[in-house]
There are 2 protein chains.
Amino acid sequence: MKRRPNGVSRPTIVDVADVANVSRQTVSRVLADHPRVAPATRLRVEAAIEDLGYRPNRMARALVTRTSLTFGFAAVDMRDLHFGDTCAGMQAEARKHGYYLVVTKLDFEDDRGVGTLETLLTLGVDGIAFFPSFMEDTEIELFASTSGCPVVMIGRGSKIPHVVSIALDETAAADLIVDHLVQSGKRRIGVLMNEMYPKIVHDRFVALGRAITSRTDGVEPPVEADYPQISHGRDAATTLLQRRPDLDAIVGFNDTMAMGALLACHDLGLRVPEDVAIVGYDGIPFGAITSPPLTTIVQDSIGMADAAFKALLSCVQDGTPVEGEVVLWRPELLIRGST
Amino acid sequence: MKRRPNGVSRPTIVDVADVANVSRQTVSRVLADHPRVAPATRLRVEAAIEDLGYRPNRMARALVTRTSLTFGFAAVDMRDLHFGDTCAGMQAEARKHGYYLVVTKLDFEDDRGVGTLETLLTLGVDGIAFFPSFMEDTEIELFASTSGCPVVMIGRGSKIPHVVSIALDETAAADLIVDHLVQSGKRRIGVLMNEMYPKIVHDRFVALGRAITSRTDGVEPPVEADYPQISHGRDAATTLLQRRPDLDAIVGFNDTMAMGALLACHDLGLRVPEDVAIVGYDGIPFGAITSPPLTTIVQDSIGMADAAFKALLSCVQDGTPVEGEVVLWRPELLIRGST
DNA sequence: CACCCTAGAGTGAACGTTCACACCGTGCCG
DNA sequence: CGGCACGGTGTGAACGTTCACTCTAGGGTG
């Protein structure tokens with residue numbers, strides 16, 4: 001048996017076999033619910049398993065089956081509620097299908113995140129879902145093509161070979177926001193980004209820029225680009241509003257940033273939404289209880305998680321290689337008091 | 001090489017050995033930075049590794065070394081910011097020491113969580129840290145004593161054999177809160193709990209009850225116990241305040257619950273803190289931006305995470321069995337506008 | 001010159017499991 | 001009654017790695 005730091009050893013399949021007076025293979029068959037085991041034998045084996053408190057070693061199993069029934073999930077920060085919800089959604093789905101989810105923080109310093117994904121591979125996961133916060137598309141493609149397992153990217157709608165991309169339709173989302181703001185009479189729209197997720201930010205920023213220029217044609221300088229060095233939305237928004245006091249609307253990269261902008265407006269004595277309207281992304285619960293409550297683009301994190309899991313599962317089960325597919329998610333604008 | 005669903009195979013140590021014209025053992029020595037390898041050979045092996053994109057298989061390695069350099073972490077919900085911060089802290093610490101953290105959701109339905117921890121074991125982790133949301137102490141003891149690896153419990157200060165407990169000093173925290181409320185002239189204190197984490201709730205509830213009875217001696221019915229069926233603090237607080245309109249203070253199990261109570265007061269036209277004072281636990285960032293901002297017991301999630309990691313690491317390195325130790329964390333009351 | 005030591009490299013076994021195959025006995029069919 | 005199918009079980013090999021040991025060549029020492 002296995003000797004471990006606390007002095008206890010875990011029994012192996014051979015220990016069970018000895019107790020039940022059968023061969024390892026018979027125990028293995030019982031574990032796999034194989035039909036050709038005599039009922040009496042099965043009972044003896046099950047008793048031995050119970051007695052010894054035996055649990056199969058998934059690593060040894062994975063080594064020979066080349067399948068660990070484990071998927072990897074990686075994001076920069078699980079406390080971000082959009083990432084967290086997606087993670088929880090995948091976890092639930094995995095559980096339903098007998099899979100296990102190994103979750104890890106995606107680390108910028110670790111080769112922009114590729115190193116983290118590589119580590120997941122060495123851990124033997126059967127597939128990987130991740131948010132591409134820092135990685136270049138070419139890096140992702142290289143990783144996916146050498147990974148030996150299906151790879152799903154969430155949050156960015158680029159078409160990358162060997163990768164399934166699941167993402168919000170940023171163009172549609174930007175259109176929803178800008179249409180709404182323009183209808184509310186807003187014309188000078190500022191955009192508040194966040195350097196934490198440059199790759200996701202980029203698409204969103206570009207989409208908003210396009211939507212703004214196309215809607216507010218020539219009336220006013222259409223967009224104020226801002227990649228703040230400071231992560232906190234409050235400071236970023238304060239800086240932005242001091243530099244551009246004529247702004248009448250601010251779109252935050254996510255709800256947290258937008259809530260920072262809300263505070264900045266309070267600080268500066270600006271009324272929301274009369275002086276400045278504010279919009280966020282994600283639809284986190286806290287956004288409902290700010291004053292005024294936050295207008296936001298709701299992301300269907302659970303739906304995306306389901307789609308991600310199913311993509312991984314079908315690849316693994318069919319053995320079909322991933323071809324590079326983009327699944328766009330339809331955004332929904334939840335209009336509340338801040339606009 | 002390894003055949004996988006996307007048709008790509010990952011090279012093994014033997015592939016590297018073949019390319020570099022050495023034996024597997026020599027490659028293994030290069031990987032382990034063994035001194036007795038000729039410089040020329042080392043270079044050849046490193047080139048082969050780079051060429052093939054080889055990464056060692058941690059499962060195979062763990063199988064023979066009986067060490068995976070991996071710790072498991074489990075909590076009910078990573079989106080809870082206290083759990084999330086602790087997780088992030090452990091992840092950072094693990095990374096520093098060359099360890100990998102496998103994170104998982106603790107599932108009530110899975111044998112009250114024990115099943116989840118068992119699965120972590122079958123995955124081959126060298127140690128486990130977890131929040132004991134549903135498990136009975138006896139179950140935890142049984143698990144720990146048969147686990148074969150060090151086990152750290154965070155969030156509950158029970159002395160359990162074979163388990164290191166790291167927890168907030170609930171008595172001290174309750175004293176801080178109640179002293180402060182009494183000094184502010186409050187006498188009828190309601191307590192708002194949350195059925196999601198019954199085991200943590202219990203200690204907190206008991207500590208608050210003791211503190212309240214000892215401070216508000218006989219003047220008024222001292223404590224209103226409430227284990228709401230509804231998880232949302234707003235509903236729970238509304239119910240509580242309708243049933244006990246005489247309450248002049250509410251303590252929430254965590255900041256999220258307390259924020260719900262804040263909303264309930266707004267709903268009912270009660271002024272905070274004049275009519276009802278509100279206190280939470282955890283010190284999450286959103287608590288700073290409510291109106292009024294939330295008074296709260298700050299938990300040092302990162303410090304606890306460090307302590308948990310170090311406990312696991314020293315057990316693994318020294319091979320010393322865990323004896324059952326309780327580490328209490330000193331609470332800090334952050335007084336803001338809600339009291 | 002015999003001896004031993006050491007640097008550098010390789011070989012078989014083991015970790016805990018499953019896969020492919022072989023084996024044996026029994027019952028049914030022709 | 002011979003043959004065959006099949007239920008039930010066991011055995012060797014393999015998965016990818018490291019450990020413990022062995023081997024070889026060369027150099028220093030007495």
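Values reported hereafter were calculated over all heavy atoms of this structure, with side chains retained and with hydrogens, waters and symmetry mates removed. Just so it is clear, the structure is predicted and the values come from calculations on it, not from any experiment. In what follows, chains carry the letters A, B, and so on, assigned in the order in which the sequence lines appear, proteins first and then strands, with residues in each chain numbered from 1.
Distance CD (Gln25(B)) to C1' (dG16(D)): 13 Å, rounded to an integer number of Å. Separating the CZ atom of Arg58(B) from the C1' atom of dT18(D) is a distance of 15 Å, rounded to the nearest angstrom. In this structure, Leu123(B) atom CG and dT17(C) atom P are separated by 14 Å, rounded to whole Å. Following rounding to the nearest Å, Arg24(B) (CZ) and dC19(D) (P) show an atom-to-atom distance of 13 Å. Between Arg42(A) atom CZ and dG8(D) atom P the separation is 10 Å, expressed in whole Å. Here dG10(D) presents its C1' atom at 13 Å from CG of Asn21(A), a figure rounded to the nearest Å. Rounded to whole Å, atom P of dG16(C) lies 20 Å from atom CZ of Arg66(A). The separation between Asn57(B) atom CG and dT17(C) atom P is 16 Å, rounded to whole Å.
With dG7(D), dG16(C), dT17(D) as the choices, the nucleotide that has an atom nearest any side-chain atom of Arg36(A) turns out to be dG7(D). Counting only heavy atoms from C-beta on, Val14(B) has its side chain closest to dT17(D) among dT9(D), dT18(D), dT17(D). Set against dT9(D), dG8(C), dG10(D), the side chain of Ala38(A) has dT9(D) as its closest nucleotide. Of the candidate nucleotides dT18(D), dG10(D), dT18(C), dT18(C) has the atom nearest to the side chain of Thr65(A). Nearest to the side chain of Val64(B), among dT9(D), dT17(C), dG16(D), sits dG16(D).
Every residue two or more places apart in sequence or in another chain that forms a side chain to side chain contact (heavy atoms under 4.5 Å, CB included) with Thr119(B) is listed here: Arg58(A), Tyr100(A), Thr122(B). With sequence neighbours excluded, no residue forms a side chain to side chain contact (heavy atoms under 4.5 Å, CB included) with Glu323(A).
Heavy-atom nearest nucleotides on DNA chain C were determined for Pro39(B) and for Ser28(A), and the one closer to the 5' end corresponds to Pro39(B). Place Thr41(A) and Arg55(B) on DNA chain D by their nearest nucleotides, and Thr41(A) ends up nearer the 5' end.
The pair Glu136(A)-Arg112(A) does not meet the salt-bridge criterion, since no charged nitrogen lies less than 4.0 angstrom from a carboxylate oxygen.
Of the possible polar contacts, one joining the Ser145(B) side chain to the Glu141(B) backbone as a donor-acceptor pair under 3.5 Å is found.
Contact annotation: Ser23(B) side-chain N/O to dG10(C) OP1/OP2 distance is under 4.0 Å. Within the structure, every side-chain polar atom (N or O) of Thr26(B) is placed at least 4.0 Å from both OP1 and OP2 of dG8(C).
The base of dG10(D) is paired with the side chain of Arg29(A) by a donor and an acceptor separated by under 3.5 Å.
Ser68(B) and Asp126(B) form a side-chain donor-acceptor contact under 3.5 Å, judged by distance and modelled atom types alone.
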